[in-house]
Amino acid sequence: MPVPLFDTSTPLQPLRPAIDAAIARVLNSQRFILGPEVAAFEAEFADYCGARHAIGVANGTDAITIALRAMGVGPGDDVVVPSFTFYASAEAIPATGARPVFCDIDPETFCVTPDTVRAALTANTKAVIAVDLFGDVAPVAEIEALGVPVLEDAAQAAGSIAAGGRAGALGTAATFSFFPSKNLGCFGDGGAITTSDEEIAERARMLRFHGSHDKVSYEHVGYNSRLDELQAAILRVQLPHLDEWSAGRRRGGQLYEEAGLGELVALPRATEGSQPAWHLYVVRGERVDELAAALSESGVGNKVYYRTPVHRQAAMAEFATDTPLPGTEEAARTHLAIPISPVLDAEQVAEVVGSARAALGASWTRRALQAALDAIRGRRAD
Ligand SMILES: Cc1ncc(COP(=O)(O)O)c(C=O)c1O
């Protein structure tokens, strides 16, 4: 039985009539840019996240650049960012004139920690980007306690919950991507910035609109980066279902645990007190290439996402670091995403775990035997 890496279409099927009606509403209104749908979505999404403001923008990459500039980041500043992330988390920094300074992650959570961030702070650090990678939630409050503002890159974490609230409301500001495969995805590109800081919200609103309030006078050199009315209308239909979809993603992770996948590969660890809405379910193992080949052979979707970490990408050569990033290198070498979706069921999980066991089981059996022998020897020695 083939199991797709992700399934964005099944959860949307029952919503088709409501989505069609929302699209028709926009077409009938003939308002396509910054109209009532964007305003309503911004209010609903801010409320959902637990932030005072949401500002819709064209995509999750612009969201980071605009949020950083709204936080006062510019030429001469350093911004700390993990190297194990999607390239855009770092790409958005030079666009502000600032310099990315790469930090390490904890390979068990794939997120930055207060220690990895502390090690990368410089005299010029103006902000830290904490990425909620794969839907796990970075320890944003602990990092802000170091005394530096945090921009939470929550592109992959819509619907995730941390001890201190929802992703999107944990730091000075946060950014989201509504790329179609994301936890909350639109039908094209889209993004948002959330913040409870009035000044940051006000600046971000202007920056997305050519640095202006009214396209008559211009206070900043800004961008043309707006969420479309059509995308906002589509997102408004989906948002009320995000919690149910997130619960499905969490259930998928639990099913893998219950099926014993952790005996074969290292499973992702939720950061302390968090309830991740797994955007991707990413395991680690020394024989991950073998596992990938075997899963593909049985029709089970799988993908290596970030084999070359960002600090070693050609475009980042001028910002490359000499500081070793061992957690990053380990995650890059050993990770593999396996199927997850709001509707992943026990039968699909059994298929994935069965294929993984067939591929890695021999070594697992050897390891299990060795552990049993060691235990017996230990007992004899007592
Ligand atoms: C962690 C992370 N940051 C930023 C982005 C950029 O978002 P977008 O593709 O909407 O520009 C993405 C997604 O693609 C992402 O996964």
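Numbering of ligands and ligand atoms starts at 1, following listing order.
- In terms of protein heavy-atom proximity, atom 9 (O) of ligand 1 is nearest to Ser177 OG, 4.0 Å.
- Under a 4.0 angstrom heavy-atom cut-off, Lys182 registers as being in contact with ligand 1.
- Considering both main-chain and side-chain atoms, Phe86 never comes within under 3.5 Å of ligand 1 through any nitrogen or oxygen pair.
- Panel note: side chain Thr334, backbone Glu330; a donor-acceptor pair is recorded below 3.5 Å.
- Tested against Glu198, the residues Arg203, Arg205, Arg52 include a single salt bridge (charged side-chain N to carboxylate O under 4.0 Å, His left out) partner, Arg52.
- Of all the atoms in ligand 1, the ones that sit under 4.0 Å from a non-hydrogen atom of Asn59 are 10 (O), 11 (O).
- Checked by atom type and distance alone, the side chain of Arg166 pairs as donor or acceptor with a backbone atom of Tyr48 at under 3.5 Å.
- Between Phe110 and His335, the gap from one ring centroid to the other reaches at least 6.0 Å.
- Which parts of ligand 1 touch Thr61 is read off a 4.0 Å heavy-atom cut-off, strictly below it: atoms 6 (C), 7 (O), 8 (P), 11 (O).
- Considering backbone and side-chain atoms together, Gln156 places an N or O closer than 3.5 Å to an N or O of ligand 1.
- In the vicinity of Gly60, heavy-atom distances shorter than 4.0 Å reach the ligand 1 atoms 6 (C), 7 (O), 8 (P), 10 (O), 11 (O).
- The ring of Phe178 has its center closer than 6.0 angstrom to the ring center of Phe45.
- A donor-acceptor pair is defined here as one N or O able to donate and one able to accept, closer than 3.5 Å; such a pair exists between the side chain of Asp136 and the backbone of Thr271.
- In this structure, the protein non-hydrogen atom closest to atom 15 (C) of ligand 1 is Ala155 CB, 3.5 Å.
- Under a 4.0 Å heavy-atom criterion, Asp189 is not in contact with ligand 1.
- The closest donor-acceptor contact from the side chain of Ser212 to the backbone of Ser217 lies under 3.5 Å.
- Contact of the Thr116 side chain with the Asp106 side chain is not registered, since no non-hydrogen atoms from C-beta on lie closer than 4.5 Å.
- Using a 4.0 angstrom heavy-atom cutoff, Gly191 does not count as in contact with ligand 1.
- The Ser89 neighbourhood of ligand 1 comprises atoms 1 (C), 3 (N), with distances under 4.0 Å to a heavy atom of that residue.
- Between Thr85 and ligand 1, a contact under 3.5 Å exists for no N or O pair.
- Inclusion of Asp153 in the set of residues having an N or O under 3.5 Å from an N or O of ligand 1 is warranted.
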Residue pair Ile66, Ile193: steps toward the side chain to side chain contact (heavy atoms under 4.5 Å, CB included) verdict = CA-CA 8 Å; Ile66 292 174; Ile193 298 161; 3.6 Å; yes

